[in-house]
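The block underneath contains the structure these notes are about, expressed in structure tokens.
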Amino acid sequence: MPSASEIFDSLPDVPGASEQALAHPAYTAARRSWAGAKSQDKEAWLAAFTDDAIVEDPVGPSMYSEDGSGQRGKEMLADFFDASIAVISSLDFDMRDVLTGGDEAVFIGTLHVGIGDKIMDTDIVLNYRVAEAGKIAHLRAFWEMDRASATIHPA
């Protein structure tokens with residue numbers, strides 16, 4: 001499997017992304033997290049986040065956060081990685097649009113998640129807020145399990 005840095009270098013830009021978006025620190029930080037997730041490199045994925053980062057994936061109560069508060073801090077993020085990213089067989093990011101403002105970027109697209117010999121196509125809106133160091137301070141992922149599960153098909 002290619003390394004996170006090799007994947008980062010090969011990720012296509014979001015079609016139609018503005019010059020502002022392409023230069024935005026949240027755009028770069030998001031792509032670093034994608035490369036870590038896609039390569040299943042936990043250390044590379046965690047390195048994209050601040051020590052006190054919050055991840056809400058998905059936003060609201062879920063199998064990863066019963067009370068809907070998400071994961072807070074590197075230890076909980078590491079556990080989230082093990083429970084969600086490390087168990088999938090593949091992950092592709094098909095982002096169709098990105099908008100940036102302030103210290104945030106919002107991506108709209110579809111994640112293609114490999115689950116064994118099947119693929120789940122998850123329509124998603126991803127909101128990344130970065131800290132001054134250009135690392136992700138807060139990630140909010142809006143997607144619906146029932147909607148995503150209805151898309152499962154052979155790989």
Side-chain angles (χ1 to χ4, degrees), residues 1-14 21-22 24-95 97-116 119-149 152:
M1 176 176 290
S3 71
S5 61
E6 291 169 328
I7 289 173
F8 178 82
D9 291 339
S10 69
L11 287 172
D13 281 323
V14 175
L22 293 172
H24 199 283
Y27 183 88
T28 302
R31 292 164 56 86
R32 289 205 186 288
S33 75
W34 300 349
K38 188 170 173 54
S39 65
Q40 294 193 326
D41 182 335
K42 184 183 344 187
E43 295 310 313
W45 185 77
L46 288 170
F49 294 87
T50 63
D51 288 342
D52 59 348
I54 301 168
V55 171
E56 298 174 77
D57 184 358
V59 170
S62 73
M63 63 284 213
Y64 304 117
S65 175
E66 289 184 21
D67 68 358
S69 64
Q71 291 72 42
R72 297 167 187 271
K74 291 273 180 108
E75 186 176 326
M76 288 182 79
L77 269 63
D79 291 344
F80 172 78
F81 184 97
D82 292 340
S84 63
I85 298 169
V87 298
I88 60 177
S89 56
S90 64
L91 181 61
D92 291 304
F93 293 82
D94 181 13
M95 296 296 115
D97 205 356
V98 58
L99 301 165
T100 59
D103 56 1
E104 300 186 53
V106 176
F107 295 83
I108 302 164
T110 304
L111 297 185
H112 305 286
V113 182
I115 306 166
I119 300 287
M120 180 171 67
D121 301 317
T122 306
D123 290 331
I124 196 163
V125 174
L126 295 163
N127 176 219
Y128 294 86
R129 183 171 47 84
V130 293
E132 287 182 27
K135 291 190 175 196
I136 301 164
H138 200 155
L139 163 58
R140 300 184 82 213
F142 295 84
W143 59 278
E144 299 171 2
M145 178 55 84
D146 290 346
R147 181 173 171 169
S149 295
I152 295 174

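Note that the structure is predicted; figures quoted are calculated from it, not measured. For the numbers below, each heavy atom of this structure counts, side chains included, while hydrogens, waters and symmetry mates do not.
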In chain order, what residues pass the side chain to side chain contact (heavy atoms under 4.5 Å, CB included) check against [X], with sequence neighbours excluded?
X: Val87; result: none
X: Ala29; result: Val130, Ile136
X: Asp82; result: Lys42
X: Pro2; result: Glu6, Ile7

### Message
Checking Tyr64 now: which residues fulfil ring-ring contact (aromatic ring centres under 6.0 Å, His included) with it, not counting sequence neighbours?
### Response
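Listed in chain order: Phe80.
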
Ignoring hydrogens, what is the shortest heavy-atom contact between [X] and [Y]? Give both atom names and the distance.
X: Ala21; Y: Val98; value: CB-CG1, 3.8 Å
X: Ala131; Y: Thr50; value: CB-CG2, 3.7 Å
X: Trp34; Y: Met95; value: CH2-CG, 3.4 Å
X: Pro58; Y: Trp143; value: CB-NE1, 3.4 Å
X: Ile85; Y: Ala37; value: CG2-O, 3.6 Å
X: Ser65; Y: Ser69; value: OG-N, 3.1 Å

### Task
Measure the CD1-CG distance between Ile124 and Asp94 for me, rounded to the nearest 0.5 Å.
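With rounding to 0.5 Å, CD1 (Ile124) is 12.0 Å from CG (Asp94).
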
### Message
Please report the interatomic distance CD1(Ile119) to OG(Ser90), rounded to the nearest 0.5 Å.
### Response
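Rounded to the nearest 0.5 Å, the CD1-OG separation comes out at 4.0 Å.
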
So [Y] and [X], do their side chains get closer than 4.5 Å, heavy atoms only?
X: Gln71; Y: Asp79; result: no
X: Leu126; Y: Phe142; result: no
X: Gln40; Y: Ile88; result: yes
X: Ser33; Y: Tyr128; result: yes

### Task
Could you note down all residue pairs passing salt bridge (charged side-chain N to carboxylate O under 4.0 Å, His left out) where residues 48-64 supplies at least one of them, sequence neighbours left out?
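Listed once each, the pairs are Asp51-Lys74, Glu56-Arg140.
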
[X]: what forms a side-chain hydrogen bond (donor to acceptor under 3.5 Å, both in side chains) with it, not counting sequence neighbours?
X: Ser62; value: none
X: Ser149; value: none
X: Thr28; value: none

### Message
My understanding is that only residues two or more places apart in sequence, or in another chain, count here; which of them pass salt bridge (charged side-chain N to carboxylate O under 4.0 Å, His left out) with Arg129?
### Response
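With sequence neighbours excluded, Arg129 shows a salt bridge (charged side-chain N to carboxylate O under 4.0 Å, His left out) to no residue whatsoever.
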
### salt bridge (charged side-chain N to carboxylate O under 4.0 Å, His left out) partners for Asp13, two or more places apart
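Testing Asp13 for salt bridge (charged side-chain N to carboxylate O under 4.0 Å, His left out), a comparison that skips the adjacent residues, returns Arg31.
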
Determine all donor-acceptor pairs shorter than 3.5 Å in which one atom belongs to a side chain in residues 102-112; sequence neighbours excluded.
from   : atom 1 : to     : atom 2 : distance (Å)
Glu104 : OE1    : Asn127 : ND2    : 3.0
Thr110 : OG1    : Arg96  : NH1    : 2.8
Thr110 : OG1    : Asp123 : OD1    : 3.0
His112 : ND1    : Asp121 : OD1    : 2.6

### Query
Are Leu46 and Leu77 close enough, and set up right, to give a side chain to side chain contact (heavy atoms under 4.5 Å, CB included), and what steps lead you there?
CA-CA 7 Å; Leu46 288 170; Leu77 269 63; 3.7 Å; yes

